[in-house]
Protein chains: 2
Amino acid sequence: MHEKERHRIILSAVQDRPVVTVAELVTLTDSSEATIRRDIASLHVQKKLRRVRGGAESITPPQFVGLAGRPFSVNEALHGLQKRAIARAAVELCDDGDPIIINGGTTTFQMVHPLASKRMQIFTNSFPIAEHLLKHSKNTIILSGGVIYREQNIILSPFDNDVTRNFYAKRMFMGAQGLGPLGLMEADPLLIQAEQKLIGQADELVVLADSSKFSSRSSLILCPLERVATVVTDEGIPDHAAQMLEHAGIRVIVAAAGAAQEAATASG
Amino acid sequence: MHEKERHRIILSAVQDRPVVTVAELVTLTDSSEATIRRDIASLHVQKKLRRVRGGAESITPPQFVGLAGRPFSVNEALHGLQKRAIARAAVELCDDGDPIIINGGTTTFQMVHPLASKRMQIFTNSFPIAEHLLKHSKNTIILSGGVIYREQNIILSPFDNDVTRNFYAKRMFMGAQGLGPLGLMEADPLLIQAEQKLIGQADELVVLADSSKFSSRSSLILCPLERVATVVTDEGIPDHAAQMLEHAGIRVIVAAAGAAQEAATASG
DNA sequence: CGTATTTTGATCATTTTTGATCGAAACTGA
DNA sequence: TCAGTTTCGATCAAAAATGATCAAAATACG
């Protein structure tokens, strides 16, 4: 990875959280601690960020208004590490130029950092994702139109005739509240509405779900398991869940913290 | 392959991605590293791109959409004071609960500050306006869907069937490049496209134009003067311009720095 | 057609960047 | 305070990128 590319990713990451650790940046950029430290030092003298012990922080402290006050912050710390690894593995599925859809959510939001050094066509219904990518990447951003719901941070239109129908992607990436034999589960009716609108606008549905999602239950079923092409999860996935997915013909990618590797591919 | 041909390819590639490596360009042009380096060096002195170790990057100098306050760069400082006064007077036309449209632009952006204390239904095609209002107000924000154009900071859909058609407002607020007997003038074709889409989705068209706009000329006519219901401007408006507007049956509001007052109302 | 000039590609020494190691310094918790 | 852990910075060797040089190829020109 090139210097500029790393710098872009580092600056992207530093906006997202109060502090980014050297270790996080190492996994995010696939380079050594020494290099990250040099990068941070370099960006520090350029006044692009502030160097702190253990990592780096944004140069503009009160800048987190947009990211702090939302429900994003709750789950964030909990499975943060896995989420980032999962997001990174998901981005590795993409090439420059690909048209993709990213459904809003805390897990999918983590994709913005590895995406910072890409140049893709990204359709999203998430205002924060669009905002971050607009500021920290050169990707083409296409936004879904409609009312911005502050709590969920998604944009939703009650009409069927919006730009969503004019965008067709290679892949759609989404999170989920739960993942069981009955299918993909979601808790918030509003999110259901947003997601159902997007499913069907992509060849391949990729679900990002950390291992806790396999034990989580929810009342609303979004779509059957068969609709899902790929699941990206972490090493904590229970055996029975892996078997369930495999049985449904789903490709399972297990993202290790630091690297991503393919674990199983079931025949269709 | 000719030199010019390679240069075209290199410049194209550099626009396409945050950073292109020498190796990438070698495969892209079927020439040697030495040649690519010479090309990059040549284009570097021509200021067509920036030479970085490992390759080249786009020459986007301070192309950083401000996080905090400065989403637009150039016009900002010029008529800042008047613009703010005009924007303030424009907002005073509105009441809580009103559905309004705000077309993106440097003048209309100034409306966000007085709007911070309102609770209205605001439709906009401007990402920075939406961002600011989302973070600093409790207004309901409805966003137009489509591609986000970074330079103009507006969202534009090539399709006619988007949410825009489902929103109808009491007033639409917009800036303009110029305002003459022939009508409302704009310089950027992209902005024209965005504005024409919105005009017609509101009862009343309100144009925010500081007094310099009456002497400014531009090639593209957006709409005839008769379509405009109200013009908000500053004290520097020339007499002939005021007469012209009055003659067209336009209500003219002159915003003094510090207060807004109605100056003239022409009968229809 | 033949010569002069320019452009290109290859080789190699030099410089820059990177990653690993290890002692020093800072932080943590008792 | 002190021991244990983490983070840092310096150093060094390996790898990568670069620049210079020169011969071959392409092109221009008389």
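Proteins come first, then strands; the chains are lettered A, B, ... in the order of their sequence lines, and each starts at number 1.
For B:Y149 and B:F127, the gap between ring centers reaches or exceeds 6.0 Å. For B:H136 and B:H113, the distance between ring centers is not under 6.0 angstrom.
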Using atom names, set out every protein N or O paired with an N or O of nucleotides 11-17 of chain D below 3.5 Å, distance rounded to 0.1 Å.
| from | atom 1 | to | atom 2 | distance (Å) |
| --- | --- | --- | --- | --- |
| D:dA17 | O4' | B:R53 | NH2 | 3.4 |
| D:dA17 | O3' | B:G54 | N | 3.2 |
| D:dA17 | N3 | B:R53 | NH2 | 3.4 |

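Taking five base pairs at each end of the helix from C:dC1-D:dG30 to C:dA30-D:dT1, the local helix axes there meet at an angle of 40°, rounded to 10°.
The side-chain heavy atoms of A:V207 and A:V232, taken from C-beta on, include no pair separated by under 4.5 Å. Counting heavy atoms from C-beta outward, B:V20 and B:I10 have side chains that stay 4.5 Å or more apart.
Once rounded to the nearest 0.5 Å, the distance linking CD1 of B:I129 with CD1 of B:I155 reads 10.0 Å.
Rounded to an integer number of Å, the gap from B:H7 NE2 to C:dT8 C1' is 13 Å. Counting to the nearest Å, the P atom of C:dG19 and the CD1 atom of A:I36 are 9 Å from each other.
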Using the rule given for salt bridge (Lys or Arg N to Asp or Glu O under 4.0 Å), can you reason through A:D95 versus A:R119, listing the C-alpha separation, both sets of side-chain angles and the distance that settles it, and then say yes or no?
CA-CA 8 Å; A:D95 298 313; A:R119 181 66 194 256; over 6 Å; no
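Taking 4.0 Å as the cut-off between side-chain N and carboxylate O, B:D39 and B:R6 count as a salt-bridged pair.
Contact annotation: B:S31 side-chain N/O to C:dT8 OP1/OP2 distance is not under 4.0 Å. Between A:S32 and the phosphate of C:dT18, there is no side-chain N or O to OP1/OP2 separation shorter than 4.0 Å.
The main-chain N or O of A:R51 is found under 3.5 Å from a side-chain atom of A:H44 such that the two form a donor-acceptor pair.
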